[in-house]
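Every chain is numbered from 1 and lettered A, B, ... according to where its sequence line falls, protein lines coming before strand lines.
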Amino acid sequence: MSDLDVQLPDGSHRTLAQGSTALDLAAAIGARLAKDALAAEVNSQLTDLSAPLPDGATVAIITPASEKGREVLRHSTAHVLAQAVTRLWPGAHYAIGPAIRDGFYYDFSLPGGARFSDDDLARIEDEMRKIVGENQPFTRSEHSFEDGLELFKDQPFKVEIINAVRSGASEEDLAEVANSSVVSTYSNTPEFRDLCRGPHVPSTARLGFFKLMRVAGAYWRGDEKRPQLQRIYGTAWESKDALAAHLTQLEEAEKRDHRRLGQELDLFSFPSELGPGLAVFHPKGGTIRRVMEDYSRSRHVAGGYEFVNSPHITKSELFETSGHLEWFADSMYPAMELDDGQNYYLKPMNCPFHVLIFKSRQRSYRELPLRMFEFGTVYRYEKSGAVHGLTRVRGMTQDDAHIFCTREQMSDELTSLLNFVLDLLRDFGLNDFYLELSTRPEGKAVGSDEEWSEAESTLATVAGSVGLELVLDEGGGAFYGPKISVQARDAIGRTHQLSTIQLDFQTPQRFEASYVAADNARHRPIMIHRALFGSVERFMAILIEHYAGNMPTWMSPEQVRVLGVRDDHDDYANEVVAALRLDGVRVQTEAANEPLGARIRRAKMEKIPYILVVGDDDVASGTLGINARGSNHPERGVTFGQFRSRLLDEIASHGSPEAL
RNA sequence: GCCUGGGUAGCUCAGUCGGUAGAGCAACGCAUUCGUAAUGCGUAGGUCAGGAGUUCGAAUCUCCUCCCAGGCUCCA
């Protein structure tokens with residue numbers, strides 16, 4: 001019998017007996033690798049260890065402590081979850097159970113419409129540990145569609161998937177079976193079989209470092225109109241330490257949650273008297289907001305924007321013309337009907353107002369590009385389950401601008417705009433970006449194919465010009481045009497969609513906006529919608545979490561607090577305060593009614609960048625003691641002049657005492 | 001909007017079997033005058049989210065409403 005030759009990831013070759021499996025290969029490389037191996041990647045395709053290797057294949061052994069290894073063990077853990085649920089709820093229907101970021105989920109429909117409660121999670125987890133202890137092998141088998149339908153005749157979701165694959169498979173469904181002509185399944189014991197492409201770990205004994213996190217409702221196939229299933233989320237890792245590290249990281253993320261910090265730092269609140277998604281900003285949160293807005297304004301002045309304002313309510317006519325009432329009436333606050341029968345709406349968007357400003361008189365091509373900016377407060381009736389802290393609210397302020405330009409100007413204008421956006425975001429301390437291009441939404445778009453493809457290709461070219469990674473978001477555009485969005489990674493690696501830039505050929509048409517060009521004829525302008533923060537509220541929330549509440553000095557509500565050691569130092573402390581205020585520094589003092597340690601602790605918990613302590617030495621020689629945020633080593637005997645220039649430099653350069 | 005879980009003092013939370021409300025922090029008062037993350041003593045603070053029901057009696061059990069959290073759906 002001839003041997004077979006395989007190539008390893010490092011380029012080296014191995015010769016194995018015909019019929020050898022990936023597990024045989026792992027054993028040939030080393031006993032340790034054979035013990036760790038979970039699955040294999042053969043010619044870039046994940047497979048089971050037990051699958052025979054084809055001659056000439058490129059093979060990588062997948063071990064637990066890798067992204068692919070975790071994906072396999074998470075997927076296998078999802079199967080064990082389903083098996084445990086079918087043990088505890090005989091007759092339960094199981095739908096799909098993929099691996100996801102950090103874990104897995106599985107969707108179920110329980111007999112008699114029963115629901116999981118939080119208490120059930122512990123029971124299910126116990127049952128899962130039993131299955132792990134039973135060391136059940138995952139066994140793959142392949143069947144015809146007819147046999148597959150017979151095997152799963154009691155599992156309606158599986159039947160639906162098999163039938164969907166048979167009649168022209170979607171990508172999503174293909175992921176559940178071997179390919180478009182063969183149904184693959186995995187069974188542990190005869191007791192449990194699942195439809196699955198695999199691969200899986202060799203045995204349930206290879207699992208164990210998991211935790212069920214929560215139960216949630218989820219619509220079958222993500223469709224609101226289809227039955228709601230019971231979803232269980234879990235996390236799974238390759239080792240006890242990795243699981244513990246993940247749980248610790250979740251706790252860390254919770255500590256920087258902007259809703260928690262908003263409460264602890266007295267920044268904002270959501271009084272229940274106002275209703276869901278409606279925030280009030282307290283003085284400290286108001287200061288952060290004002291600094292953000294002031295800085296944005298100054299950059300927009302420099303960027304050639306003009307400032308406009310528009311009212312919060314309007315007759316329905318405006319949003320009938322714009323098309324918003326047609327598309328988004330459900331998420332607008334209901335109309336206010338006036339005595340004369342006229343309907344007024346709270347505005348969910350600023351753009352139609354800016355079009356009216358454009359239309360208020362004849363425009364010349366010499367005025368273009370015309371850039372109108374407004375901090376425009378809009379109201380959207382978000383579904384009750386959608387509101388979330390400051391990131392999804394019902395009343396918010398957009399840093400909204402609309403640029404009117406010619407088709408010829410469009411490309412240059414977009415390029416400089418994208419650079420303007422990225423510069424501004426960097427000034428707020430975000431540095432790690434990628435771009436997303438959202439294209440025409442099927443069945444929910446207006447305008448001709450030609451306009452859409454021109455708009456999309458223009459945006460793609462511009463996005464490509466700034467040298468950032470570009471991801472395609474098929475069908476994610478607005479009804480009137482495609483968009484580029486800037487995605488930013490924060491300090492703990494989460495990504496947030498920030499700025500959006502949208503191209504719009506439709507609105508100028510709907511409003512019949514025009515300008516007089518050099519040829520003395522009227523032409524239709526192009527409109528570019530753009531928001532950099534998105535909303536001031538949401539951007540503030542992202543910054544609070546990015547900095548864990550330790551705002552850079554220029555944004556800190558209180559930048560300096562001066563503390564006298566005893567109350568006979570308070571006069572000197574007040575002199576320091578008065579001197580710093582001349583430079584516009586936000587500085588306060590706290591009288592020496594309490595021990596110094598208590599006052600320092602309070603200032604530290606308020607995350608004030610600089611605490612200045614002044615005592616006998618300082619009064620005598622005109623110096624300061626500096627206790628900087630993030631430091632446990634106070635500096636003594638610093639002159640006022642030294643501290644002043646250091647502080648002012650740091651504010652001007654948007655720095656932090658921690659030197660982030 | 002849907003699913004699961006929650007709502008007790010300004011904040012964080014305890015409250016047993018249904019017997020009418022507790023702590024720490026914060027606030028306020030008095031004393032304390034202190035060199036880098038909690039000085040001591042005292043005072044005040046509650047329609048137990050709101051409403052209805054069961055009960056001799058409800059923070060506790062039941063129902064409805066509001067709000068919050070985690071998901072699903074949605075996000076111009």
Requested in this report: Would you please indicate yes or no on a ring centroid separation below 6.0 angstrom for A:Phe108 and A:Phe116?
Outcome: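 Ring centres of A:Phe108 and A:Phe116 closer than 6.0 Å.
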With a 4.0 Å cut-off on heavy atoms, is [X] in touch with a base, just the backbone sugar-phosphate, or nothing at all?
X	answer
A:Tyr480	sugar-phosphate
A:Gly323	nothing
A:Tyr105	nothing
A:Phe479	nothing

Just by distance, no angles: are the side chains of [X] and [Y] close enough, under 3.5 Å, to form a donor-acceptor pair?
X	Y	result
A:Ser269	A:His282	yes
A:Thr500	A:Ser485	no
A:Gln642	A:Thr639	yes

For atom [atom1], what is the distance between [N] and [M], given to the nearest Å?
N	M	atom1	value
B:rA14	B:rC75	P	39 Å
B:rU62	B:rC25	C1'	36 Å
B:rU33	B:rU39	P	14 Å
B:rG70	B:rC48	P	28 Å

Using Watson-Crick or G-U wobble geometry with both distances below 3.5 Å, tell me the partner of [N], or none.
N	value
B:rA38	none
B:rA14	none
B:rA27	B:rU43
B:rU4	B:rA69
B:rC56	B:rG19
B:rC63	B:rG51
B:rA9	none
B:rU32	none

Residues in salt bridge (Lys or Arg N to Asp or Glu O under 4.0 Å) contact with [X], at least two apart in sequence or another chain:
X	answer
A:Glu558	A:Arg561
A:Glu317	none
A:Asp570	none

Expressed in angstrom and rounded to an integer, what is the separation of [X] atom [atom1] from [N] atom [atom2]?
X	N	atom1	atom2	value
A:Asp223	B:rC2	CG	P	16 Å
A:Lys225	B:rC72	NZ	P	18 Å
A:Leu318	B:rA76	CG	P	19 Å
A:Glu590	B:rA26	CD	C1'	13 Å
A:Met605	B:rC25	CE	P	12 Å
A:Leu503	B:rA76	CG	C1'	15 Å
A:Tyr379	B:rC75	OH	C1'	19 Å
A:Trp220	B:rC3	CH2	C1'	17 Å

Could I get the full list of side-chain contact (heavy atoms from CB on, under 4.5 Å) partners for [X], not counting sequence neighbours?
X	answer
A:Pro348	A:Phe319, A:Met332, A:Arg380
A:Arg524	A:Pro508, A:Gln509, A:Glu512
A:Ser499	A:Val421, A:Leu425, A:Val486, A:Leu532

Query raised in the report: Can you check whether A:Tyr233 has a side-chain N or O nearer than 4.0 Å to OP1 or OP2 of B:rC72?
Result: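 Yes.
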Does any N or O donor sit under 3.5 Å from an N or O acceptor when you compare the side chain of [X] with the base of [N]?
X	N	value
A:Arg259	B:rC68	no
A:Tyr219	B:rG1	yes
A:Ser322	B:rA76	no
A:Lys383	B:rU73	yes

Requested in this report: Taking only the side-chain heavy atoms of A:Ala218 (C-beta and beyond), determine which of B:rC3, B:rC72, B:rA76 contains the nearest atom.
Outcome: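 My answer, after comparing the listed nucleotides, is B:rC72.
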Query raised in the report: What nucleotide, of B:rC3, B:rG70, B:rA76, holds the atom closest to the side chain of A:His388?
Result: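 Closest nucleotide to the A:His388 side chain: B:rG70.
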Report task. Quick one: which residue pairs count as a salt bridge (charged side-chain N to carboxylate O under 4.0 Å, His left out) with a foot in residues 92-116 of chain A, not counting sequence neighbours? Result ->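 Listed once each, the pairs are A:Asp107-A:Arg231.
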Query raised in the report: Any side-chain heavy atom of A:His246 sitting closer than 4.5 Å to one from A:Lys211?
Result: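 No, their side chains stay 4.5 Å or more apart.
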**Report entry** RNA chain B-proximal residues of residues 348-355 of chain A, any heavy atom under 4.0 Å
**Finding:**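 Those residues whose heavy atoms fall under 4.0 Å from RNA chain B, taken from residues 348-355 of chain A in numerical order, are A:Pro348, A:Met349.
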Query raised in the report: Just one of A:Phe404, A:Phe373, A:Tyr480 clears the ring-ring contact (aromatic ring centres under 6.0 Å, His included) bar with A:His529, so which one?
Result: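 Answer after filtering A:Phe404, A:Phe373, A:Tyr480: A:Tyr480.
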With the criterion being N/O to N/O and under 3.5 Å, what pairs connect the protein with nucleotides 4-13 of chain B, and how long is each?
from: B:rU4; atom 1: O2'; to: A:Asp118; atom 2: OD1; distance (Å): 3.1

Requested in this report: Using the closest heavy atom to pick a nucleotide of RNA chain B for each, name whichever of A:Arg394 or A:His529 lands nearer the 5' end.
Outcome: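 Closest to the 5' end, via its nearest nucleotide, is A:Arg394.
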Requested in this report: For each nucleotide in nucleotides 29-36 of chain B, reading 5' to 3', give B when a protein heavy atom comes within less than 4.0 Å of its base, S when such contact involves only the sugar-phosphate, and - otherwise.
Outcome: ---BBBBB
**Report entry** salt_bridge(A:Asp257, A:Arg259) N-O dist < 4.0 Å
**Finding:**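 Counted as a salt bridge, because a side-chain N and a carboxylate O are separated by less than 4.0 Å.
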Query - Any pair counted as ring-ring contact (aromatic ring centres under 6.0 Å, His included), so long as it reaches residues 600-626 of chain A, sequence neighbours left out - result: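 Passing the test, one end in residues 600-626 of chain A: A:Tyr610-A:Phe643.
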Query - Parallel, tilted or perpendicular: rings of A:Phe479 and A:His324 (30°, 60°) - result: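 The arrangement is perpendicular - the two ring planes meet at more than 60°.
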Query raised in the report: Heavy-atom count around A:Arg644 CZ within 6.0 Å, excluding the residue itself: above 12?
Result: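 Atom CZ in A:Arg644 is not crowded, with 12 or fewer foreign heavy atoms closer than 6.0 Å.
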Distances under 3.5 Å only, N/O to N/O: pair up the protein atoms with those of nucleotides 61-66 of chain B.
none

